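Because only heavy atoms are used, hydrogens play no part in the values below, and waters and symmetry mates are left out as well, while side chains stay in. It should be emphasised that the depicted structure is a prediction, and the values quoted were computed from it without experimental measurement. Each chain gets a letter, A, B and so on, in the order its sequence line appears, and its residues count up from 1.
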There are 2 protein chains.
Amino acid sequence: MKVSAQEEYGLRCLLQLARLSPGESLTLGQIAEGEGISQANAGKLMWLLNKAGLVASTRGTKGGYALARSAEEIHLSDIIKVLDEDMLEGHCKSYTGLQEICVHTGDCGIRPVLISLHEIVQSALERITLAQLTDTESNVDQALYQIHVGMSRGVARDIPSPKHVRS
Amino acid sequence: MKVSAQEEYGLRCLLQLARLSPGESLTLGQIAEGEGISQANAGKLMWLLNKAGLVASTRGTKGGYALARSAEEIHLSDIIKVLDEDMLEGHCKSYTGLQEICVHTGDCGIRPVLISLHEIVQSALERITLAQLTDTESNVDQALYQIHVGMSRGVARDIPSPKHVRS
DNA sequence: GGCAATCCTTACTTTTAAGTCAAGATTGCA
DNA sequence: TGCAATCTTGACTTAAAAGTAAGGATTGCC
Ligand code: FES
Ligand code: FES
């Protein structure tokens, strides 16, 4: 289970835009430089995000990118849905081995695991907005830690020790 | 965020072994056939799991694979750790763009997100054993749903409606 | 209108993950 | 002992993701 390059870089680019003052915008070149990636690569990412309606682009000289809505209204789940193309396109549509369809026709013990896992991740991402990430790292970390603790309460035993977070 | 082929197939192979009666074992050919994958591919997966100490192999005729410990003692988190090689090898060790090291030297808003996400997934997987997955799909689904609801209590508002689960 | 800055789009190349192959090693059995 | 069944291992091939390149389209400014 891992975060793809597209997801991570896309998120990072959006975070740059979220830090702008209202009315400001960034060009592809600026975004690329800000993340240390090529302009071509940044272009592809912004194209995806634009197509999905998360950012607004202006063409021509003086053009650039800005968030399409305020950072408070953009949840990480929205972003990941866009950048992770085939997110859960039905379990066993993808990994079917040699056959056309999965061998586990009826009863499958894996399916609920993958589905639930996906929902759990989605639940967590829905609780975080882009705006929250513009804070300092230690504050972001603390907020995230609260979500984890919150999610794990009720079934909880052992929450991993807080990392950078002072209780 | 997605589950890799190795993770899924590996988990499925292990699940076959978990369904065996004590003392029984399966050969590579049987495992491969059971999942609809090639024997070569199954061999590679079992090799990984064997190296990690999750399964025990016997060589020679009458050989085969069995779980190294009881299915009740194997948590999904153990399995995923083995099959997902470079799981979280430090944020920004992998995606460094064009530079050698990440541009976000000090303060980073993304890092806590990735770390927390990883911990949340891990928390969920630690609560599920292989043995639980040998039940019928609807029972597994119900058990998993309980974990999700449990995790989301406290911060919760909107839990996605139960799917196959009757309340 | 013309030019420069910028975004848009498609096709291509590179890199990485996934899967295959073939030769070797170990065991059980006759 | 010799053979057949099985796992082991590393190198190889193929498929998918990531990243690049190049030309087209739109806008603002003079
Ligand atoms: S339906 Fe294919 S493994 Fe679950
Ligand atoms: S340290 Fe590189 S993006 Fe966070």
Tell me the closest heavy-atom pair linking B:Glu7 and B:Asp84, and the distance in Å. OE2-CB, 3.6 Å
So, OP1 or OP2 of C:dT6: does either fall under 4.0 Å of a side-chain N or O from A:Thr27? no
With the criterion being N/O to N/O and under 3.5 Å, what pairs connect the protein with nucleotides 10-16 of chain C, and how long is each?
none

What heavy-atom pair brings A:Leu133 and A:Arg19 nearest, and what distance separates the two atoms? O-NH2, 3.6 Å
Separation of D:dT13 atom P from B:Asn41 atom CG, nearest Å, is 18 Å
Nearest heavy-atom approach of A:Leu83 to A:Leu11 is CD1-N, 3.9 Å
Are the side chain of B:Glu24 and the backbone of B:Ser21 linked by a donor-acceptor contact shorter than 3.5 Å? yes
For the helix from C:dG1-D:dC30 to C:dA30-D:dT1, how many degrees between its two end axes (five pairs per end), to the nearest 10°? 0°
Is there a side-chain polar atom (N or O) of B:Asn50 under 4.0 Å from OP1 or OP2 of D:dT8? yes
At less than 4.0 Å, is any side-chain N or O atom of B:Ser4 found next to OP1 or OP2 of C:dA17? Yes or no. no
Residues 45-60 of chain B, side-chain donor-acceptor partners within the protein, below 3.5 Å, at least two apart:
| from | atom 1 | to | atom 2 | distance (Å) |
| --- | --- | --- | --- | --- |
| B:Asn50 | ND2 | B:Ser57 | OG | 3.4 |

Mind calculating the distance between CD (B:Glu7) and P (C:dG19) to the nearest angstrom? 12 Å
Using whole Å, report how far CD1 of A:Ile31 lies from P of C:dC8. 11 Å
Take the protein atom CG of A:Leu26 and the nucleotide atom P of C:dA5, then report the distance between them rounded to whole Å. 18 Å
A:Gly64 near the nucleic acid: base, sugar-phosphate alone, or nothing, with a heavy-atom cut-off under 4.0 Å? sugar-phosphate
Atom CG of B:Leu48 and atom P of C:dA17 are separated, to the nearest Å, by 14 Å
With sequence neighbours excluded, residues passing side-chain hydrogen bond (donor to acceptor under 3.5 Å, both in side chains) with B:Gln30: none
Using only heavy-atom distances, determine whether the side chains of A:Ser123 and A:Glu126 contain a donor-acceptor pair under 3.5 Å. no
Whole-Å distance, A:Leu28 CG to D:dA21 C1', equals 14 Å
Atom-pair distance (NZ on B:Lys51; C1' on D:dC7), nearest Å: 15 Å
Separation of A:Asp84 atom CG from D:dA16 atom P, in whole Å? 16 Å
Counting primed atoms plus P, OP1 and OP2 as sugar-phosphate and everything else as base, spell out the protein contacts along nucleotides 25-30 of chain D at 4.0 Å heavy-atom distance: B, S or - for each nucleotide, 5' to 3'. SBBB--
Could you pull out the closest heavy-atom pair between B:Ile31 and B:Cys13, with the gap in Å? CG2-SG, 3.6 Å
Does D:dA17 have OP1 or OP2 under 4.0 Å away from a side-chain N or O of A:Tyr9? no
Side-chain donor-acceptor contacts of residues 61-72 of chain B below 3.5 Å, not counting sequence neighbours, with atom names and distances?
| from | atom 1 | to | atom 2 | distance (Å) |
| --- | --- | --- | --- | --- |
| B:Arg69 | NH1 | B:Glu73 | O | 2.7 |
| B:Ser70 | OG | B:Glu72 | N | 3.3 |
| B:Ser70 | OG | B:Glu72 | OE1 | 3.0 |

Which of these passes side-chain contact (heavy atoms from CB on, under 4.5 Å) with B:Glu119: B:Ile115, B:Leu117, B:Val121? B:Ile115
Can you name the nearest heavy-atom pair linking B:Pro112 to B:Cys108, along with the distance? CD-O, 3.3 Å
Grab the two heavy atoms, one from B:Asn41 and one from B:Ser38, that are nearest each other, plus how far apart they are. N-OG, 3.0 Å
